[in-house]
Amino acid sequence: MKVLLVDDEKHVRDAIRLLVDWKQYGIETILEAQDGESAIEIVSRDHPAIIMTDMMMPIMNGVKLLEWLHTHAPDSKTIVISGHDDFSLLRHTLKYGGTDYILKPIDPEQLNEALDKAIHAWNKDEELRHTNRELNIEMNQIKPMYWDKLLSNLIAEPSAYDQAAEQLEKELHLSRTIRDCRVAILSLDTMERSVKNKFSHNLDLLLFSLINICNEFLVNDQRGYAFRHWNSDNEIVLLLWKDQSGSEAFLAKINEGIRTALHTRVDFGIGSSHSFPTDLTLSYQEARDALRQRNLKSKETWIHSTLKTAKTVQPALTFSQYEERIQLAIRSGSIDQIQETVQEWMDAVKLSEAITLEQLDHWWREYRVMKRRWVQQFFYNISEDQVKQLLLDEPSSLIVPLDEHGILSLSLWQQELTRSIVHLSKLLLESQQKDKSVIFEIAEFLEKHYHEDVSLQDIANRFYLSREYISRKFKQEFEVNLSDYLGQIRMSKAKVLLRNPYLRISQVAEMVGYQDEKYFSKVFKKLEGLTPNEYRKTANSI
């Protein structure tokens with residue numbers, strides 16, 4: 001359990017710490033804040049069970065803090081510790097859920113009694129919250145999940161109907177006399193952005209709410225049933241087995257109910273009426289096709305069917321046509337270049353009369369494949385786990401960029417695509433800078449250890465890099481291979497030492513890392529065009 005002490009005077013917070021045997025109450029963490037504003041940050045982050053607060057503080061006082069806690073942290077229990085015997089402050093404390101009001105100077109007995117009372121109240125509430133959570137799990141998850149699984153299986157395997165027919169008739173009023181059925185799909189893909197943002201961290205709650213609204217209309221009229229499709233994260237499937245000719249109008253009625261409850265509308269795809277249960281899969285596929293083939297550039301209707309879907313023949317536009325230009329822009333590291341290249345792609349997209357979900361999905365998959373290929377090319381010799389790590393910013397499935405009205409927003413798409421490509425370009429630049437830094441560290445190491453017997457494998461072990469990687473990067477940076485670079489350093493040092501007439505050639509050879517005098521002389525002549533002796537005579541004669 002956590003406790004937060006809020007007071008602008010540190011000695012008061014210290015006194016409270018000393019007056020309570022915290023371990024006795026099972027309190028492991030004591031947090032502190034010097035004003036209401038700091039307290040809000042801590043409460044939002046750490047969620048303390050008990051909050052002890054002063055009333056008169058700078059920046060944000062206890063009065064405002066209590067109001068905020070009442071709305072944003074209703075589960076926490078609040079004890080006010082104040083130096084003001086003011087009835088209005090006491091009334092405010094009670095109004096906004098405070099459990100006690102203690103006056104300064106603090107009486108240890110009063111403080112401990114108030115804490116014990118607050119903890120008891122919190123534990124009692126927590127027990128009730130736990131019980132409610134258990135009930136909600138049982139009522140809102142287990143049973144619906146059973147129907148979701150059974151009906152999703154029925155879509156995929158209509159032959160499973162016979163085993164479940166009795167149960168379906170009893171629970172869902174799906175009579176055995178039903179001969180035809182239509183399937184509709186409620187799509188979250190093109191829901192208004194504001195609603196999706198609101199439920200971004202709890203998609204299950206959104207789906208649960210939508211299913212409940214649909215079933216309020218369907219079940220009460222014994223017209224059908226809505227369930228979450230197990231094979232798709234963004235689909236709610238509706239089985240419609242009554243008054244099928246009026247299904248489109250009924251879906252519009254459901255949509256109006258969704259608008260009233262959630263202040264948004266959704267897209268429905270609907271299949272034709274087919275034999276039940278044998279052709280259930282066919283009706284489902286028609287509904288799905290209707291959604292995937294609708295034009296996202298306009299919003300003429302919320303109810304889509306394959307019979308109404310406009311099919312226009314357009315030249316095939318593929319993202320891969322722009323791969324080389326985008327790759328060059330990434331390598332350039334120039335944000336302006338990336339923006340210009342993305343603009344070229346978007347200009348081509350704008351020429352399309354219609355853009356379907358199917359097309360967007362195809363382009364997105366192309367981009368994912370290309371991005372993975374770029375990562376493997378840019379970041380040499382990395383593992384599959386490292387590739388996945390570098391692609392973490394990429395969503396696992398297509399997110400359709402929509403405006404507030406559920407229409408495809410090319411500007412949002414352009415922003416997101418630019419952001420993704422710029423991010424990859426920055427990763428590449430950082431990697432190149434890191435590579436360059438390591439290569440210069442290796443060069444510095446050679447400068448200091450040229451006289452030792454240094455091998456490529458020794459350097460690879462020391463810097464935790466592969467020999468191939470070091471060789472390739474070193475050649476890119478210095479335009480010579482590592483062994484030649486080391487040889488140049490040694491010859492440069494040798495030329496300085498050879499000017500000393502008192503050093504033998506064998507000594508000079510050993511001092512620059514060669515144990516074999518003959519080999520040293522051979523290398524020296526190859527690089528300098530003179531033997532060590534000839535160089536010594538020439539250098540000393542100048």
**Study point:** Positive for side-chain hydrogen bond (donor to acceptor under 3.5 Å, both in side chains) with R182, one of Q244, H274, E248
**Key:** E248
Review point. Do R179 and F276 meet the cation-pi criteria used here (NZ or CZ under 6.0 Å from the six-membered ring centre, within 45° of the axis)?
Key: no
Study note, to complete from the structure: Minimal heavy-atom distance between I211 and A226, with the atoms involved, is CG2-O, 3.7 Å
Check your understanding: Can a salt bridge be assigned to the pair R419 and E416 using a cut-off of 4.0 Å between side-chain N and carboxylate O?
Key -> yes
Point to revise | Heavy-atom pair with the smallest gap, counting every atom of P277 and P158 | key: O-CB, 2.9 Å
Review point. In this structure, are over 12 heavy atoms from other groups packed under 6.0 Å from Q34 atom CD?
Key: no
Study note, to complete from the structure: On a heavy-atom basis, the closest approach of P74 and T71 is CD-O, 3.9 Å
Practice item. Please round to the nearest 0.5 Å and tell me the distance separating atom CD of E358 and atom NE2 of H362. Key: 10.0 Å
Check your understanding: Judged by atom type as modelled, is there a donor-acceptor pair below 3.5 Å linking the side chain of S425 to the main-chain atoms of I330?
Key -> yes
Check your understanding: Sub-3.5 Å donor-acceptor pair from the side chain of T260 to the main-chain atoms of E256, do we have one?
Key -> yes
Exercise for review: I would like to know whether V237 and L151 meet side chain to side chain contact (heavy atoms under 4.5 Å, CB included); could you show each step before the answer?
Suggested key: CA-CA 9 Å; V237 176; L151 293 169; over 6 Å; no
**Study point:** Rounded distance (nearest 0.5 Å) linking atom CG of L238 with atom CZ of F217
**Key:** 11.5 Å
Study note, to complete from the structure: Applying side-chain hydrogen bond (donor to acceptor under 3.5 Å, both in side chains) to K299 and not counting sequence neighbours gives D267
Check your understanding: With a 3.5 Å cut-off and no angle check, do the side chains of S272 and E286 form a donor-acceptor pair?
Key -> yes
Point to revise | Side chain to side chain, M1 and E28, heavy atoms closer than 4.5 Å | key: no
Check your understanding: Can you find a heavy atom in the side chain of L168 that is under 4.5 Å from one in the side chain of Y161?
Key -> yes
Check your understanding: Hey, does S298 have a side-chain heavy atom less than 4.5 Å from the side chain of N295?
Key -> yes
Point to revise | Other residues, nucleotides, ligands: >12 heavy atoms within 6.0 Å of E32 CD | key: yes
Review point. Has I335 got more than 12 heavy atoms of other residues, nucleotides or ligands less than 6.0 Å from its CD1?
Key: no
Exercise for review: Determine, using ring centers only, whether F319 and W345 are less than 6.0 Å apart.
Suggested key: yes
Point to revise | Nearest-0.5 Å distance, OG1 of residue T356 to NZ of residue K297 | key: 12.0 Å
Review point. Can any side-chain N or O of W363 pair as donor or acceptor with the backbone N or O of L317 at less than 3.5 Å?
Key: yes
**Study point:** Minimal non-hydrogen separation, G97 against H70, with atom names
**Key:** N-ND1, 4.4 Å
Review point. Do D100 side-chain atoms and I79 backbone N/O form a donor-acceptor pair below 3.5 Å?
Key: no
Exercise for review: Over all heavy atoms of both residues, which pair between G36 and L65 is shortest? Give the atoms and the distance, please.
Suggested key: O-CD1, 3.9 Å
**Study point:** Side-chain (K2) to main-chain (I50) donor-acceptor, under 3.5 angstrom
**Key:** no
Practice item. Would you please test E235 and R228 for salt bridge (charged side-chain N to carboxylate O under 4.0 Å, His left out) and show each step? Key: CA-CA 6 Å; E235 281 185 6; R228 183 173 182 175; over 6 Å; no
Point to revise | S409 side chain to L412 backbone, donor-acceptor under 3.5 Å | key: yes
Review point. Is the shortest heavy-atom distance from the side chain of M55 to the side chain of N61 under 4.5 Å?
Key: no
Review point. With distance as the sole test, does N215 use its side chain to make a donor-acceptor pair with the main-chain N or O of L218 at under 3.5 Å?
Key: no
Check your understanding: How long is the span from the CD atom in Q359 to the CZ atom in R292, to the nearest 0.5 Å?
Key -> 10.5 Å
Exercise for review: Check step by step if side chain to side chain contact (heavy atoms under 4.5 Å, CB included) holds for V342 and Q414.
Suggested key: CA-CA 7 Å; V342 173; Q414 185 169 352; 3.8 Å; yes
Practice item. Would you please test E366 and S320 for side chain to side chain donor-acceptor pair (under 3.5 Å) and show each step? Key: CA-CA 7 Å; E366 279 190 295; S320 57; 3.2 Å; yes
Practice item. Test S88 against D86 for side chain to side chain donor-acceptor pair (under 3.5 Å), laying out the working first. Key: CA-CA 6 Å; S88 64; D86 187 324; 2.6 Å; yes
Check your understanding: Cationic tip of R294 within the cone over W302's six-membered ring, i.e. under 6.0 Å and within 45° of the normal?
Key -> no
Exercise for review: Decide side chain to side chain donor-acceptor pair (under 3.5 Å) for Y367 and S420; before the verdict, give the C-alpha distance in whole Å, the side-chain angles of both, and the deciding distance to 0.1 Å.
Suggested key: CA-CA 10 Å; Y367 177 62; S420 177; 2.7 Å; yes
Review point. So, the side chain of D54 versus the backbone of V80: is there a donor-acceptor pair under 3.5 Å, distance only?
Key: no
Exercise for review: I would like to know whether E216 and N212 meet side chain to side chain donor-acceptor pair (under 3.5 Å); could you show each step before the answer?
Suggested key: CA-CA 6 Å; E216 280 184 19; N212 275 352; over 6 Å; no
Check your understanding: Checking side chain to side chain contact (heavy atoms under 4.5 Å, CB included) for the pair L5/I81: CA distance, chi angles, key distance, verdict?
Key -> CA-CA 10 Å; L5 310 180; I81 302 175; over 6 Å; no
Exercise for review: From the options L31, V6, L4, select the one residue that forms a side chain to side chain contact (heavy atoms under 4.5 Å, CB included) with V43.
Suggested key: L4
Check your understanding: Any side-chain heavy atom of S187 sitting closer than 4.5 Å to one from F268?
Key -> no
Study note, to complete from the structure: Minimal heavy-atom distance between Y322 and A348, with the atoms involved, is OH-CB, 3.2 Å
Exercise for review: Could you tell me whether the side chain of S305 and the main chain of G271 form a donor-acceptor pair under 3.5 Å?
Suggested key: no
Check your understanding: What's the verdict on side chain to side chain contact (heavy atoms under 4.5 Å, CB included) for L205 and F199, showing C-alpha distance, side-chain angles and the deciding distance?
Key -> CA-CA 7 Å; L205 178 59; F199 290 91; 3.9 Å; yes
Review point. Just wondering, do I254 and I258 contact through their side chains at under 4.5 Å, heavy atoms?
Key: yes
Point to revise | Student check: side-chain heavy atoms of S352 and I355 closer than 4.5 Å | key: yes
Check your understanding: Do Q343 and D347 have side-chain N/O donor and acceptor atoms under 3.5 Å apart?
Key -> yes
Review point. Is the backbone of Q339 close enough, under 3.5 Å, to the side chain of T418 for a donor and an acceptor to pair up by distance?
Key: no
Check your understanding: Take atom CZ in R365; do more than 12 heavy atoms of anything else shown fall under 6.0 Å from it?
Key -> no
Review point. To the nearest 0.5 Å, how far apart are CD in E37 and CH2 in W68?
Key: 11.5 Å
**Study point:** Point-to-point distance, once rounded to the nearest 0.5 Å, from CG of N123 to CZ of R129
**Key:** 9.5 Å
Exercise for review: Using a 4.5 Å cut-off on heavy atoms from C-beta on, say whether the side chain of L186 contacts that of L251.
Suggested key: no
Review point. Is the gap between the ring centers of H229 and Y284 under 6.0 Å?
Key: yes
